[in-house]
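The structure appears below as structure tokens.
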Amino acid sequence: MGYIPIFMQVGAARCLVVGGGEVAQRKAESLLDAGAEVTVVSPALTRALKEHVHAGRIRHISRGYA
């Protein structure tokens with residue numbers, strides 16, 4: 001699998017992360033660090049993502065992506 005590094009100025013953009021596992025957690029935290037407004041769609045979340053939800057840092061939609 002090839003990877004392409006992409007650099008974007010995120011600012012306060014609304015960003016969607018699909019999935020609630022370790023990879024999604026890393027993506028969501030990177031987006032938060034960049035200042036994005038993050039929504040995660042997943043029926044389950046890692047402990048760290050749950051903490052972000054409870055702290056109001058991210059929005060969680062508890063269902064599979066459709």
Side-chain angles (χ1 to χ4, degrees):
M1 174 186 280
Y3 292 91
I4 300 172
I6 297 174
F7 297 91
M8 297 173 50
Q9 184 174 4
V10 176
R14 293 180 184 163
C15 296
L16 176 68
V17 175
V18 177
E22 300 275 332
V23 173
Q25 177 185 321
R26 287 193 302 270
K27 290 178 183 179
E29 289 174 341
S30 292
L31 289 165
L32 286 173
D33 289 344
E37 180 182 320
V38 179
T39 298
V40 176
V41 175
S42 178
L45 299 174
T46 63
R47 179 176 291 173
L49 284 173
K50 287 178 186 177
E51 291 173 4
H52 287 302
V53 170
H54 292 303
R57 291 186 290 272
I58 65 171
R59 179 174 175 234
H60 176 224
I61 299 174
S62 183
R63 64 171 173 79
Y65 178 76

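Excluded from the calculations below are hydrogen atoms, water molecules and symmetry mates; all remaining heavy atoms, backbone and side chain alike, are included.
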### Query
Between V23 and Y3, is there a shared hydrophobic cluster once you connect ILVMFWY residues whose side-chain heavy atoms come closer than 4.5 Å?
no
Please table the atom pairs, donor to acceptor, closer than 3.5 Å between any side-chain atom in residues 39-49 and protein atoms at least two apart or in another chain.
| residue | atom | partner | partner atom | Å |
| --- | --- | --- | --- | --- |
| S42 | OG | G20 | N | 3.2 |
| S42 | OG | A44 | N | 3.3 |
| S42 | OG | A44 | O | 2.6 |
| T46 | OG1 | Q25 | OE1 | 2.8 |
| T46 | OG1 | L49 | N | 3.2 |

### Query
What are the two closest non-hydrogen atoms of A36 and V10, and how far apart are they?
CB-CG1, 3.2 Å
### Message
Taking side chain to side chain contact (heavy atoms under 4.5 Å, CB included) as the definition, give me every residue that meets it alongside A24, ordered by chain and number, with sequence neighbours left out.
### Response
V17
### Query
Taking atom NE2 of H52 and atom NE2 of H60, what is their separation to the nearest 0.5 Å?
13.0 Å
### Message
Do V53 and I61 land in one hydrophobic cluster if side-chain heavy atoms of ILVMFWY residues count as linked below 4.5 Å?
### Response
no
### Query
Hey, what do you get for NZ (K50) to CD1 (I58), rounding to the nearest 0.5 Å?
11.5 Å
### Task
Only counting residues at least two apart or in another chain, list the ones meeting side chain to side chain donor-acceptor pair (under 3.5 Å) with R14.
none
